[in-house]
Amino acid sequence: MKLTVVHISQILNVPASTIIEAMKDLGFKADENQLLTEREVKKLRPLLFRYYQRSRTFGSEEISDLKGFDIQDAIKQPVPVEESLEQLILDHVIMIDTCSMMHEGCYALIEEIHPILKKYNKKVVIPYKVIEELKKHYDSGNDHHKADLAEKGLKMCQKLKREDCITIRGNENDNFADNVFFVHFADLRFRYNMLLITQDYKLSHDILQLNHMKTGGGNPVRVFRITARGALVEITE
């Protein structure tokens, strides 16, 4: 099938101007009636799927431009359309890192997963060290922006705690948070399907290396990061 910007716009109910703007950000030139090459469609596909997913949640008027949308997030491997957030929560033990708790999209994500956690009596896992790091950033007077983000992270943790939707794992004797995640994932993957939410690519890489260990077995671990709109994007390597 030969596709034009207008054709894709009609199929996905995404404004043609949005598709053209996305193509510009990806380094392509386009107008509404131009036939797209196979390479262009392949590059655009993850972005368009993400727009389609978010439009079902926010309404098409909310995605009429690219403001606040991270193209680099979109062109990474997204959560497959058929795999819902609800299914991810049901199938995995989810742990969240400090940098994701302080990310601008985290509030939207927590608002979305909170009712699912309550519905199925599930909990997210936050290491004690993450809470400690959030408090440290909040108490620091050197960076007001980080302090504000840390405060929001702490309030989200408090909300989840009030609703019995959070488990704090570890104590003040734990080492750095990254080490805590690695140890927990290395241990718990033998009993559970483990999923980490982090913005830290180094930590992502270290956790995913567990999937390449040739001894011991264990369930595959998965890593996701949060976009500016609060969506989850899977990191595979």
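- A salt bridge links E111 and K159; the closest N-O separation between the charged side-chain nitrogens and carboxylate oxygens is under 4.0 Å.
- A 6.0 Å sphere centred on CG of N121 holds no more than 12 heavy atoms belonging to other residues, nucleotides or ligands.
- Rounded to the nearest 0.5 Å, atoms CG (L85) and CG (L109) are 6.5 Å apart.
- No continuous path of ILVMFWY side-chain contacts below 4.5 Å connects I94 to V183, so the two sit in separate hydrophobic clusters.
- Heavy-atom neighbours of K122 NZ from other residues, nucleotides or ligands within 6.0 Å: above the threshold of 12.
- In plain terms, the two heavy atoms of V223 and T198 that are nearest each other are CG1-CG2, 3.8 Å.
- In this structure, V124 and T167 have side chains that are not in contact, with every pair of non-hydrogen atoms separated by 4.5 Å or more.
- In this structure, C165 and H114 approach most closely via the heavy-atom pair SG-CD2, 4.2 Å.
- Contact check for I235 versus R222: no side-chain heavy atoms found under the 4.5 Å cut-off.
- Between the CG atom in L160 and the NZ atom in K123 there is a gap of 11.0 Å [rounded to 0.5 Å].
- With L196 as the fixed residue, the side chain to side chain contact (heavy atoms under 4.5 Å, CB included) test singles out one of L203, I96, V93, V125: L203.
- To the nearest 0.5 Å, the span separating CG on L232 from CD1 on I226 amounts to 6.5 Å.
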task: Determine, stepwise, if the pair I89 / Y120 fulfils side chain to side chain contact (heavy atoms under 4.5 Å, CB included).
output: CA-CA 9 Å; I89 292 171; Y120 295 103; 5.8 Å; no
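- Shown here for L134 and M102, the closest heavy-atom pair between the two residues is CD2-CG, 3.4 Å.
- Between E132 and K129, at least one side-chain N (NZ, or NE/NH1/NH2) sits under 4.0 Å from a carboxylate O, which counts as a salt bridge.
- Of all heavy-atom pairs spanning H103 and T227, the tightest one is CE1-O, 3.5 Å.
- What you find for C106 and S100 is that their closest heavy atoms are CB-O, 3.1 Å.
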message: Walk me through whether V130 and F181 qualify under side chain to side chain contact (heavy atoms under 4.5 Å, CB included).
response: CA-CA 10 Å; V130 167; F181 281 113; 3.9 Å; yes
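- N219 places no side-chain N or O within 3.5 Å of a backbone atom of F190 that could act as its donor or acceptor partner.
- We find the CZ-NE2 distance between F224 and H92 to be 7.0 Å, quoted to the nearest 0.5 Å.
- Ionic pairing of K155 and E151 is present here: one or more N-O contacts between side-chain nitrogen and carboxylate oxygen are shorter than 4.0 angstrom.
- Counting only distance, with no hydrogens or angles, the side chain of S140 and the backbone of K136 share no donor-acceptor pair below 3.5 Å.
- Atom CD1 of I166 sits about 10.5 Å away from atom CE of M156, to the nearest 0.5 Å.
- Between Q199 and C99, the closest heavy-atom pair is N-SG, 3.3 Å.
- Distance check: L210 CG to R189 CZ gives 5.0 Å after rounding to the nearest 0.5 Å.
- Between the side chain of D97 and the backbone N or O of I197, no donor-acceptor pair lies under 3.5 Å.
- With salt bridges taken as basic N to acidic carboxylate O contacts below 4.0 Å, one links K119 and E86.
- Ionic pairing of K202 and D206 is present here: one or more N-O contacts between side-chain nitrogen and carboxylate oxygen are shorter than 4.0 angstrom.
- Hydrophobic clustering places M194 together with L90 (ILVMFWY residues linked when any side-chain heavy atoms are closer than 4.5 Å, directly or through intermediates).
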